[in-house]
Amino acid sequence: MQYVRFLSAFVVYAVIDVGWNISPIALGMYERLYDASGNDVLLDEFGREMDTWGGPQMLALLAFLALIALANTYLAIEPALKDNNLLKAMKNSFVLGCAAYATYIVPIYLIFSTWPGILVPIDILIGGLLSLITSTVVAYVTLRRRSA
């Protein structure tokens with residue numbers, strides 16, 4: 001059953017992450033912040049549009065999704081199921097997501113002098129929320145099925 005929970009976490013995370021990244025709210029927010037900071041030029045020079053992605057980019061994305069699903073499963077979902085405690089999944093996954101996203105956004109902020117500083121807490125919070133939703137959904141469904 002752990003494999004089913006891992007696959008569930010993978011799918012849930014992928015859906016909400018892609019959903020967030022293509023949402024008008026996210027696209028508008030990032031575009032305004034990048035434009036205001038001058039990073040639109042930086043992104044034009046170094047950015048890679050999704051329609052140009054090839055095998056290496058897809059493998060990198062799949063590796064990230066697999067690792068974040070594995071981490072949510074191992075560090076949040078399974079401990080919560082062991083203790084029959086949904087709140088444990090919520091807390092652990094939020095911390096995990098915040099830490100995972102901080103590991104990429106903080107170095108970017110430190111390297112690029114024009115990177116919008118407001119994106120640091122925003123992206124960290126988004127990472128926490130994506131993991132929180134993923135682990136909460138998978139743990140909740142599993143706990144409900146156990147009690148039925």
Side-chain angles (χ1 to χ4, degrees), residues 1-34 36-37 39 42-43 46-112 115-148:
M1 286 305 285
Q2 280 184 320
Y3 297 112
V4 171
R5 290 188 288 274
F6 164 74
L7 289 174
S8 298
F10 182 94
V11 169
V12 170
Y13 196 95
V15 167
I16 59 174
D17 188 40
V18 169
W20 164 251
N21 282 297
I22 65 171
S23 74
I25 295 169
L27 291 173
M29 176 189 70
Y30 287 121
E31 185 176 329
R32 284 188 302 279
L33 287 170
Y34 293 143
S37 68
N39 275 312
L42 178 71
L43 292 174
F46 295 103
R48 183 178 287 142
E49 295 293 325
M50 282 184 67
D51 60 353
T52 66
W53 287 11
Q57 291 78 28
M58 291 306 293
L59 285 174
L61 177 61
L62 289 173
F64 167 74
L65 292 172
L67 285 170
I68 200 78
L70 181 64
N72 272 288
T73 303
Y74 183 72
L75 299 172
I77 297 166
E78 294 303 322
L81 297 177
K82 181 181 174 197
D83 293 348
N84 203 32
N85 183 345
L86 183 62
L87 188 58
K88 186 174 222 172
M90 297 169 78
K91 289 178 182 178
N92 289 358
S93 62
F94 184 75
V95 171
L96 165 67
C98 288
Y101 276 56
T103 60
Y104 90 88
I105 194 61
V106 171
I108 289 173
Y109 175 66
L110 295 174
I111 291 169
F112 296 109
W115 198 263
I118 190 65
L119 274 181
V120 174
I122 288 173
D123 277 349
I124 290 171
L125 182 61
I126 288 168
L129 292 174
L130 293 175
S131 281
L132 171 73
I133 293 166
T134 299
S135 291
T136 300
V137 166
V138 175
Y140 177 80
V141 169
T142 305
L143 289 169
R144 292 276 291 168
R145 285 187 160 187
R146 279 186 182 174
S147 67

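As a basis for the values below, the full set of heavy atoms in this structure was taken, side chains included, without hydrogen atoms, waters or symmetry mates.
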>> Is it the case that the side chain of S135 and the backbone of L132 share a donor-acceptor pair, with hydrogens and angles ignored and the cut-off at 3.5 Å?
In response: no
> Could you give the distance from NZ (K88) to CG (L75), rounded to the nearest 0.5 Å?
Replying inline: 11.5 Å
> So, for R5 and T73, which heavy atoms are closest and what is the spacing to 0.1 Å?
Replying inline: O-OG1, 4.0 Å
>> Evaluate F10 against L70 for side-chain contact (heavy atoms from CB on, under 4.5 Å), listing each step before the verdict.
In response: CA-CA 8 Å; F10 182 94; L70 181 64; over 6 Å; no
>> Quick check for you: to the nearest 0.5 Å, what is the distance between L96 atom CG and I68 atom CD1?
In response: 4.5 Å
>> Could you measure the distance from the OG1 atom of T142 to the CD atom of Q2? Nearest 0.5 Å is fine.
In response: 11.0 Å
> Does R144 CZ have over 12 foreign heavy atoms under 6.0 Å away?
Replying inline: no
Side-chain donor-acceptor pairs of residues 98-112 under 3.5 Å, sequence neighbours excluded:
{"residue": "Y101", "atom": "OH", "partner": "Y13", "partner atom": "OH", "Å": "2.8"}
{"residue": "T103", "atom": "OG1", "partner": "A100", "partner atom": "O", "Å": "2.5"}
{"residue": "Y104", "atom": "OH", "partner": "D123", "partner atom": "OD2", "Å": "3.0"}

> So, for A139 and A89, which heavy atoms are closest and what is the spacing to 0.1 Å?
Replying inline: CB-CB, 3.9 Å
> Which pair of heavy atoms, one from P121 and one from G117, lies closest together, and at what distance?
Replying inline: CD-O, 3.3 Å
> With no hydrogens and no angle check, is any side-chain donor or acceptor of R146 less than 3.5 Å from a backbone partner on L81?
Replying inline: yes
> Got S8 and V4 here, is their nearest side-chain heavy-atom distance under 4.5 Å?
Replying inline: yes
>> Tell me which one of N92, T136, N72 satisfies side-chain hydrogen bond (donor to acceptor under 3.5 Å, both in side chains) with S131.
In response: N72
> Going through the checks in order, is the side-chain contact (heavy atoms from CB on, under 4.5 Å) test met by F94 and L129?
Replying inline: CA-CA 6 Å; F94 184 75; L129 292 174; 4.3 Å; yes
>> On a heavy-atom basis, which atom in Y74 and which in P79 lie closest, and how many Å separate them?
In response: O-CD, 3.3 Å
> Nearest heavy-atom pair of L27 and N21: which atoms, and what distance?
Replying inline: CD2-O, 3.4 Å
